[in-house]
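The next block holds one structure in the form of structure tokens; read it before the comments.
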Amino acid sequence: MANTNTGSMKRKRAVGNFFGYVLLILISLIWLFPYFGLLMASFRSFDASIEYGGVVDYIIPHTFSLDNYKFLFNGQTNYVRWYANTLIISIFVSLFNTCIVLCVSYALSRMRFAGRTFLMRFWLVLGMFPGFLTMICLYFLLKQMGLTQAGAIPGLILVSVASSGMGYYVCKGYFDTIPKALDEAARIDGASRARVFFQMIIPMAKPIIIYTALVAFMGPWCDYVFASYIAFGHDASYNVAVAMQRWMVVGDYQGYFTRFCAGGIVVAVPVTILFMFLQKYYVEGVTGGAVKG
Amino acid sequence: MANTKGGQKKKNAIADFFSMLGKDLKEIGVTFKEGDFKTKISFLIFGFGSLLRGLWLRGLTLLAAECGLLYFIFSFGWSYFSKIGSLGTIATTKQGRKTVYGDNSFLILLFGLLTLFAVIAFIAIWRINVRVNRNEELIIKNGRKLPSNKDDFKSLFDSNFDKTLLALPVAGVFVFTVLPIVFMICVAFTNYDANHQPPSNLFTWVGIENFKNLFSFGTAGFGGTFVTVLIWTLVWAFFATFIDYFLGIAVAMLINKKGIKFKKLWRTILVMTIAVPQFVSLLYVSKLFANDGLINGYLLKWGIIDQAIQFWVNPTLAKITIIVVNIWIGIPYMMLIATGLLMNIPEDLYESARIDGATPWQMFVNITMPYMLFVTGPFLLTQYTGNLNNFNVIFLLTQGQPKTGNLVGGAGRTDLLITWLYKMTINDTNYRMAAVIGIMVFVVTAGISLVVYNLLPSVKDEEGFQ
């Protein structure tokens, strides 16, 4: 009796698992399909004598070719320059943002000073203004400093770093979970605040440092709006998002679609690999941040 | 009841402010009256007292701040600040072939505001300077020893470490966030648009005309468009947040299910959507759904349809497609968060429910969902406000299209407030209305946050689920 019962439960579970697998495979196919299509399109030649480089209604190219990739790197466009621009922005933003976020988080998490709650509330309210509102004003501010068009790269880094202090939430939340008793013990032994920060907190904050740096690094790869405004009309200062968006929207009818796909693959592969390596830290940061709100 | 309570609170805050101000003024008076000549001169020359008392580090800092600010205000700022009432009167003229530039309203407003902030900073530093003198005198009076310059310097890395850490971030936020926001709020009260572009044209204050325009429902008014766009923004954010939320939890539970293998593989496949830059994936997906795109192409080839589905042309269909594509973006993110949280639900809750004969569905409704909603309440709120301003998804997929003649200001059928603001800034250079829309976005975001935050169970009752 008991035996048949567990038997039927086992069967039930097996059926449930079967449907679970079917569903998961279906989901995986849907989620991977665009990347598969992107990859396939990147191997379709734009050479009119071979195939068409625009949007077509089939997924597997009739002939595989590397024309699109050759086009990216043979100097016909500034693609390499755009790529380098984006990489430079990402590296600097990632570096400086992390430093600033760490400083702000430590000050707000560990120290109690006049105006602390005011500062936190004020920044919270500031964050509710849409970012694009201030675009023209920032443009002219940067123009006064000579950081637009030709100087757009340092300009973009400056703007991104300058307001990064407001994104302290996840990092401060992490610092809050490090027991204060540790700080106090060190302070009783005569360590200054700065020493506690540099020699105790920072080594313990490795996961959150990686999270902050990773998120800051990924940001500039998608920055289209502001970058296009600051670099307006100066081809050598574009980043990949700005330049390739133009291929897609303006060059669409000249068959730039496959070239866009190839460029997208070249952008996506390194960023995705980096992300996959540091996935653990990303998940930790996102989950921690979500629970604390 | 709640109202009177709020009113009282406000009154108290005002009373507090004035009593604080009174105390401050009294302290300044006492400092001056009881102070020696060093302190008295310090009222004019910052840091004078500290310098004569041998504390040259703080003395010089104060003095340098005074000189710097005064130099900025008088040599640079004043010429702009004095014109801020009219934003300039001398128009740019053409004399023959040469252009003679007059006032630049933009720079007058920008640098005028900067000067105003410099004056406020000057007063604040003056106040600090007075307090420093007062403290030094009190220490001497009580016969204690003044801290040395070395102590002053060391304190920057110990008791005053917060100031060292925050100086740069706060300054950065001030110049690149606060100043531009105040500037744009001011622009909302001017006629800065395509016809009033410095340096060739002046713009000036127009009071609340732009706000009147936003709420005027005539043919040229922005009222109808604003309401349409606002409603779509709210509806979009609602669906984008909650569909992703529930489906994300469902997928997380499916992967977490006992007996399902390769958990890591399934998660990694989904997480790729977060890793690949959105401008690549979303632009590709937008072409996927195009009239001549892959989806229509295959459906036509297989004979399922005989006419391309107008994914991005039909307004209603475009809205639905955007929400569906956003599921593709949103589920992985929610799945990651839910995976961590689901493991935190105490297993014995399920155990006892199972003994009582609860079905899986009952357990989901009565245990899993209440727990998740409780824990993720604030997160849902930030997701919602984030989606209100979700520029990337809309802009990369449709750029606000399909276009329509029924809406003013260049707004398309799928435009959110934020993309409409962007279009008005870039395409129409209608800065005055863009600024007004920006303020409205702030009002909507702040309003929803404030109301919902106070209703959240996890805020009202922090211990609720523990």
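Computed over heavy atoms, backbone and side chain alike; hydrogens, waters and symmetry mates excluded. Chain naming here is simple, since letters A, B, ... match the order of the sequence lines and numbering starts at 1 in each.
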Original post:
Which pair of heavy atoms, one from B:Ala275 and one from A:Met218, lies closest together, and at what distance?
Top reply: O-CE, 3.7 Å
Original post:
Among B:Phe157, B:Phe176, B:Tyr284, which has the most heavy-atom pairs under 4.5 Å with chain A?
Top reply: B:Tyr284
**OP:** Against chain B, work out which of A:Tyr229, A:Trp221, A:Phe275 has the most heavy-atom pairs shorter than 4.5 Å and name it.
**Re:** A:Phe275
**OP:** Let me know if B:Ile181 has heavy atoms under 4.5 Å from chain A in its side chain, its backbone, both or neither.
**Re:** both
Subject >> Non-hydrogen side-chain atoms of B:Ile185 and A:Phe129 separated by less than 4.5 Å >> reply: yes
Original post:
Should B:Thr268 and A:Met276 be marked as a side-chain contact (heavy atoms from CB on, under 4.5 Å) after you check the CA-CA gap, both sets of side-chain angles, and the distance that decides it?
Top reply: CA-CA 8 Å; B:Thr268 308; A:Met276 289 302 170; 3.7 Å; yes
Original post:
Relative to chain B, which segment of A:Phe122 carries a heavy atom at a distance below 4.5 Å: side chain, backbone, both, or neither?
Top reply: side chain
Original post:
Side chain, backbone, both or neither: which part of B:Ser449 has a heavy atom under 4.5 Å from chain A?
Top reply: side chain
Original post:
Got a second to check how far A:Phe140's CZ is from B:Leu107's CG, nearest 0.5 Å?
Top reply: 8.0 Å
Original post:
Of the non-hydrogen atoms in B:Met272 and A:Thr272, which two are nearest, and what is the gap between them?
Top reply: CG-CG2, 4.1 Å
Original post:
If you tally heavy-atom pairs under 4.5 Å against chain B, which of A:Leu126, A:Val267, A:Ile136 wins?
Top reply: A:Ile136
**OP:** Tell me, out of B:Ala338, B:Ala171, B:Pro332, who's got the most heavy-atom pairs with chain A below 4.5 Å.
**Re:** B:Pro332
**OP:** Let me know if A:Val125 has heavy atoms under 4.5 Å from chain B in its side chain, its backbone, both or neither.
**Re:** both
Original post:
Top residue by heavy-atom pair count (under 4.5 Å) with chain B, among A:Gly165, A:Gly263, A:Ala107, A:Gly127?
Top reply: A:Ala107
Original post:
In terms of heavy-atom contacts, does NZ of A:Lys143 have more than 12 from other residues, nucleotides or ligands at under 6.0 Å?
Top reply: no
Subject >> Segment of B:Val170 engaging chain A (4.5 angstrom heavy-atom cut-off) >> reply: both
**OP:** For residues B:Asp162 and A:Arg193, determine if any side-chain heavy atom of one lies less than 4.5 Å from a side-chain heavy atom of the other.
**Re:** no
Original post:
Do other residues, nucleotides or ligands put more than 12 heavy atoms under 6.0 Å from the CG atom of B:Leu168?
Top reply: no
Original post:
Taking every heavy-atom pair that is under 4.5 Å apart, which of A:Ile265, A:Val240, A:Ile100, A:Val196 has the most such pairs with chain B?
Top reply: A:Val240
**OP:** Begin with the C-alpha distance, continue with both residues' side-chain angles, and end with the deciding distance and a verdict on side-chain contact (heavy atoms from CB on, under 4.5 Å) for B:Asn389 and A:Phe132.
**Re:** CA-CA 10 Å; B:Asn389 294 321; A:Phe132 302 136; over 6 Å; no
Subject >> Per-residue contact mode, B:Leu156 against chain A (heavy atom under 4.5 angstrom) >> reply: neither
Subject >> Heavy-atom side-chain proximity of A:Val104 to B:Leu166 below 4.5 angstrom >> reply: yes
Subject >> Proximal component of B:Tyr422, with respect to chain A [non-hydrogen, under 4.5 Å] >> reply: side chain
Subject >> Heavy-atom pairs under 4.5 Å with chain A, option from B:Leu179, B:Ile274, B:Ile437 with the top count >> reply: B:Ile274
Subject >> Winner by heavy-atom pair count (cut-off under 4.5 Å) against chain A, out of B:Gly172, B:Gly293, B:Ala290 >> reply: B:Gly172
**OP:** Just say parallel, tilted or perpendicular for the rings of A:Phe260 and B:Phe279, cut-offs at 30° and 60°.
**Re:** perpendicular
Original post:
Looking only at heavy atoms, what is the nearest atom pair of B:Pro277 and A:Ala268, with distance?
Top reply: CD-CA, 4.1 Å
Original post:
Relative to chain A, which segment of B:Ala434 carries a heavy atom at a distance below 4.5 Å: side chain, backbone, both, or neither?
Top reply: backbone
Original post:
Looking only at heavy atoms, what is the nearest atom pair of A:Phe197 and B:Leu165, with distance?
Top reply: CE2-CD2, 4.0 Å
Original post:
Is it the side chain or the backbone of B:Leu336 that comes within 4.5 Å of chain A heavy atoms, both, or neither?
Top reply: both
**OP:** Under 4.5 Å heavy-atom distance to chain A, tell me which part of B:Val173 shows up: side chain, backbone, both or neither.
**Re:** both
Subject >> Proximity breakdown for A:Arg110 and chain B, heavy-atom pairs closer than 4.5 Å >> reply: neither
Original post:
How long is the span from the CZ atom in B:Phe161 to the OH atom in A:Tyr106, to the nearest 0.5 Å?
Top reply: 6.5 Å
**OP:** Pick one of side chain, backbone, both or neither for A:Leu119, based on which atoms fall under 4.5 Å of a heavy atom in chain B.
**Re:** side chain
Original post:
In terms of heavy-atom pairs under 4.5 Å, which option from B:Phe262, B:Phe106, B:Trp266, B:Tyr333 contacts chain A the most?
Top reply: B:Trp266
Original post:
Under the side-chain contact (heavy atoms from CB on, under 4.5 Å) criterion, do B:Phe442 and A:Leu133 qualify, and how do the steps go?
Top reply: CA-CA 10 Å; B:Phe442 169 75; A:Leu133 177 63; over 6 Å; no
Original post:
How far apart are the closest heavy atoms of A:Met135 and B:Ile426, and which atoms are they?
Top reply: CE-CD1, 4.1 Å
Subject >> B:Leu396 side chain near A:Gln245 side chain, heavy-atom distance below 4.5 Å >> reply: yes
Original post:
Which one of A:Leu274, A:Leu138, A:Val283 has the most heavy-atom pairs closer than 4.5 Å to chain B?
Top reply: A:Leu138
Original post:
Given a strict heavy-atom distance threshold of 4.5 Å, which part of B:Phe174 is in contact with chain A: side chain, backbone, both, or neither?
Top reply: neither
Original post:
Taking side chain as C-beta onward, heavy atoms only, is B:Phe183 less than 4.5 Å from A:Thr134?
Top reply: no
Subject >> B:Leu270 versus chain A, the contacting section by heavy-atom distance below 4.5 Å >> reply: both
Original post:
Who wins among B:Thr339, B:Val187, B:Ile331 for the most heavy-atom pairs under 4.5 Å with chain A?
Top reply: B:Ile331
Original post:
Side chain, backbone, both or neither: which part of B:Leu265 has a non-hydrogen atom closer than 4.5 Å to chain A?
Top reply: neither
Show the atom names and distances, to 0.1 Å, of all donor-acceptor pairs under 3.5 Å that link a side chain in residues 14-40 of chain A to residues at least two apart or in another chain.
residue: A:Asn17; atom: OD1; partner: B:Lys257; partner atom: NZ; Å: 3.1
residue: A:Tyr21; atom: OH; partner: B:Gly259; partner atom: O; Å: 3.3
residue: A:Tyr21; atom: OH; partner: B:Lys261; partner atom: N; Å: 2.7
residue: A:Ser28; atom: OG; partner: A:Leu24; partner atom: O; Å: 2.8
residue: A:Trp31; atom: NE1; partner: B:Trp328; partner atom: O; Å: 3.0

Original post:
Minimum heavy-atom separation for A:Pro130 to B:Gly438, with atom names?
Top reply: CD-O, 3.6 Å
Subject >> Top contributor to chain B interface from A:Gln279, A:Arg116, A:Arg195 [non-hydrogen pairs under 4.5 Å] >> reply: A:Gln279
